[in-house]
Amino acid sequence: MTPPDDRALEPASKDASAPGPSDTEPAGASAPDGAAERFAALEQVGQRSSDLMIVIDRAGRVIYANPVALATFGISLEEGLGTNAFKYLHPDDVERVVLRFIELLGTPGASIRDTVRTLAEGGEVHELEIVSTNSIDNAAVGGIIINGHDVTEHRQYVERLREHEERFRLAFEGNMAPMIFTDLEDRVIAANDAFCKMIGFSEEELLGKDSAPFTYPEDVGITEESYRRMVKGELGQSRYVKRYLRKDGRIIYVEVSRSPARDAEGHTLYFVISERDITEERVLTEELSHQALHDPLTELPNRLLFDDRLKQAHARVLRQGGLGAVLLLDLDDFKGVNDSLGHLAGDQMLRAVAGRLQQVTRDSDTLCRFGGDEFLYLAEGLHTPGEAEQVAARLIESLAAPFLIGGSYVEQHSSIGVVVWDATRTDNDEFVQEADVALYEAKREGKGHYVVFTPSMHQQAISRFALTQELRHAFAAGEISMHYQPILNLATSEIEGFEALMRWRHPQRGLIAPSVFIPLAEQSELILDLGSFALRESVAAASSWRLPASKKGQPYVTVNLSAHQFHDPSLVTMVEGALALSGLAPERLVLEITESVTLLYVAETMSVMEHLGRLGISFALDDFGTGFSSLSYLALLHPRIIKIDQSFVSPVLQSLRHDDLLEAIVSLGHKLNMTMLAEGIETTEQLARLRSLGCELGQGFLFSAAVPAEDVAELLARSPDSWG
Ligand code: C2E
Ligand code: MG
Ligand code: MG
């Protein structure tokens with residue numbers, strides 16, 4: 001588009017600003033000269049105005065400009081007068097402004113409003129809101145008055161605000177963090193996508209509502225207090241965790257951070273609430289804390305959690321009276337399960353045991369895995385010590401039925417040490433240790449028992465500990481030796497062999513019986529050292545025994561093996577080594593094992609026995625009748641000799657029943673084609689009875705107690721009728 005009159009719009013030259021109207025200029029149009037007088041009235045206003053004021057003639061030439069106008073255009077009055085006013089416009093605005101100017105020229109007295117940009121000499125752009133009034137007919141003016149208010153800064157401010165808002169909008173809507181705005185009544189006024197996604201509701205469903213519909217019912221109202229204080233301005237920002245109920249019914253945990261948006265006076269306008277779904281973290285933390293307090297294998301509480309519960313339980317007893325109890329349960333011969341069936345089966349057994357124990361654990365009590373094959377049971381709210389014993393009996397009973405492990409039935413029993421306490425026990429540190437002391441007593445009494453701790457046991461435990469230490473030294477110092485008790489053929493009264501029995505000759509205490517120190521040694525690896533010592537010694541001793549030339553064959557030696565030794569993988573090599581070293585014929589070695597060795601792990605026991613059997617070694621089943629022997633096992637293992645326990649031979653109470661039992665045992669052994677040996681023969685009556693039953697072998701004080709190695713030759717030399 002072209003301006004209506006090229007000439008009129010051409011910037012007026014300095015010359016053109018000289019007196020004399022232009023071609024287009026109507027007659028009477030004002031010239032710049034004498035402006036001062038003509039605009040005296042305008043001057044009054046213009047000089048002081050903070051707004052821009054110019055007057056232009058019909059041709060668009062500047063005939064008056066106030067200081068603000070001159071400053072805006074970047075010129076002096078002299079430079080400006082007579083020049084074309086459009087020259088100071090921003091090029092992009094010229095065409096539009098000129099069109100409106102022409103329109104205005106046609107209506108004298110009219111005003112128009114517009115927003116225009118100016119371009120100063122120096123390139124500076126200003127934005128003005130202008131009012132142009134056609135005052136051409138007004139003699140005092142004779143031109144168009146243009147009043148302009150500079151809105152550049154305001155515009156910039158508004159623009160900045162708009163940009164700011166845009167950024168804020170983007171930050172809100174596109175934010176990965178769930179966010180909502182709420183009004184002073186805490187109703188949702190905006191919710192971003194992330195929030196809607198987290199909660200499962202659309203923004204439309206949320207607008208105008210408070211958080212109640214999606215807050216987990218129990219958590220409604222938990223944040224009210226902080227919200228009220230925030231409205232009052234007492235609280236700047238608050239953070240809290242609450243649960244939401246998603247539209248799909250799922251519960252999630254969210255961490256909420258709420259800040260008030262305030263005006264310049266500090267009045268709260270609305271709330272900005274940003275949230276974080278912490279459900280996963282929470283689950284993880286819970287899992288971690290569960291892991292920290294539970295045993296991964298059995299899922300039972302671990303020692304840490306138990307200690308905490310014990311502390312609380314103890315505190316309750318101190319406060320309210322009553323009794324509490326700690327029961328320490330240890331699986332009998334569990335090591336054998338691991339060694340013979342493998343660790344997987346061992347783990348399976350532990351889980352199965354934990355499951356059984358848990359079934360009989362009261363809700364108020366705590367069952368925990370103490371480690372290895374030990375479990376702790378905390379019983380609360382007891383009234384009598386007898387109740388603690390009932391708990392122990394119940395736990396033992398729960399393991400009575402055999403366990404199905406890896407396709408076969410395995411027996412697993414346990415022993416329990418019990419500690420009962422009342423409010424007089426102000427310290428709980430010792431309970432577990434005392435239960436351990438009682439447990440030791442329980443094991444000593446035979447497996448599958450419980451024993452309640454008494455203070456006197458403590459002293460025993462201390463001396464036991466001291467004794468264990470001494471035993472180590474004693475072994476190193478050569479205080480341990482082997483004695484030999486003769487085994488006689490009851491029919492001929494001739495010696496067939498000797499049982500090797502260990503002795504500890506203590507420098508101060510004298511002879512200490514193996515029933516005292518063998519169980520101690522069995523608590524540690526020391527038993528393996530003692531065991532191989534016994535074997536080497538006995539085999540070496542036996543290799544020098546000679547029966548009088550008139551007798552057939554040579555005496556054998558029987559050596560006791562503890563369960564630990566039997567399950568020790570190096571047993572076979574050790575036996576072979578001892579035989580090789582001494583030169584003793586394997587046929588002269590008999591190994592004594594007890595039912596506890598054989599009972600649980602028949603397959604493994606059989607393979608070890610077979611292996612040694614192939615070498616020529618035979619077995620005696622010791623202490624027969626005291627364990628839980630099953631006849632089918634007995635038939636399977638088929639030891640050469642069965643040693644009838646002395647409780648059948650010399651019972652404390654002589655009764656018919658015992659006599660019947662003895663008879664039954666002997667005839668059973670004979671049916672299975674085994675040699676029967678009676679232990680502990682002390683009287684000639686017992687001997688006579690055994691002879692009448694056809695029991696082949698016997699040993700006992702009636703013949704001789706165990707003697708030192710150097711006395712064996714003397715026994716061997718005795719005549720048969722000297723034995724009684
Ligand atoms: P055991 O193998 O049943 O040994 C028989 C026990 O009965 C021996 O006790 C023996 O001295 C005792 N005895 C023999 N005749 C009579 C009698 O007429 N009356 C009475 N009342 N007792 C008699 P000891 O030597 O005290 O051994 C006790 C247990 O210690 C043994 O029982 C055995 O289980 C264990 N033991 C002994 N030496 C060893 C060893 O070298 N290794 C292992 N692992 N255990 C051993
Ligand atoms: Mg024995
Ligand atoms: Mg025995």
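Atoms within each ligand, like the ligands themselves, are counted from 1 in listed order.
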Test salt bridge (Lys or Arg N to Asp or Glu O under 4.0 Å) applied to Arg503 - qualifying residues, sequence neighbours left out: none

Candidate list Arg351, Arg303, Arg369, test salt bridge (charged side-chain N to carboxylate O under 4.0 Å, His left out), partner Asp295, passing option: Arg369

Residues Arg588 and Ser582: side-chain donor-acceptor under 3.5 angstrom: no

Closest to atom 4 (O) of ligand 1 (judged by heavy-atom distance), picking from Val559, Leu501, Leu702: Leu501

Donor-acceptor pair between His413 and Glu411 side chains, under 3.5 angstrom: yes

Ligand 1 to Met502 polar contact by distance, N or O atoms, under 3.5 Å: yes

Closest approach to the Mg ion (ligand 2) by Asp622, given as the N, O or S atom name: OD2

Gap between atom CE of Met349 and atom CG of Leu399 - 0.5 Å precision: 9.0 Å

Non-hydrogen atom of Arg503 closer than 4.0 Å to ligand 1: yes

Residue selection (non-hydrogen contact nearest atom 34 (O) of ligand 1) among Asn560, Leu530, Leu511: Asn560

Pair Trp504-Phe475, ring pair (Phe, Tyr, Trp, His ring centres under 6.0 Å): steps then yes or no: CA-CA 9 Å; Trp504 175 4; Phe475 182 51; over 10 Å; no

Proximal ligand 1 atoms for Gln485, defined as those under 4.0 Å from one of its heavy atoms: 14 (C), 15 (N)

Ligand 1 contact by Gln699, heavy-atom criterion under 4.0 angstrom: no

Glu592 atom (N/O/S) at minimal separation from the Mg ion (ligand 2): OE1

From Pro514, Gly700, Ser562, Ser538 - option closest to atom 29 (C) of ligand 1 by heavy atom: Pro514

His483 heavy atom under 4.0 Å from ligand 1: no

Qualifying residues under side chain to side chain donor-acceptor pair (under 3.5 Å), relative to His506, sequence neighbours excluded: Glu470

N, O or S atom of Thr558 closer to the Mg ion (ligand 2) than 2.8 Å: no

Asp622-ligand 1 polar pair, N/O distance under 3.5 Å: yes

Glu499 touching ligand 1 at heavy-atom level, < 4.0 angstrom: yes

Nitrogen or oxygen atoms of Ala500 and ligand 1 under 3.5 Å apart: no

Phe403 ring center near Tyr409 ring center (under 6.0 Å): no

Spacing of Phe375 atom CZ and Phe306 atom CZ [to the nearest 0.5 Å]: 13.0 Å

Which N, O or S atom of Glu499 lies nearest to the Mg ion (ligand 2), by name: OE2

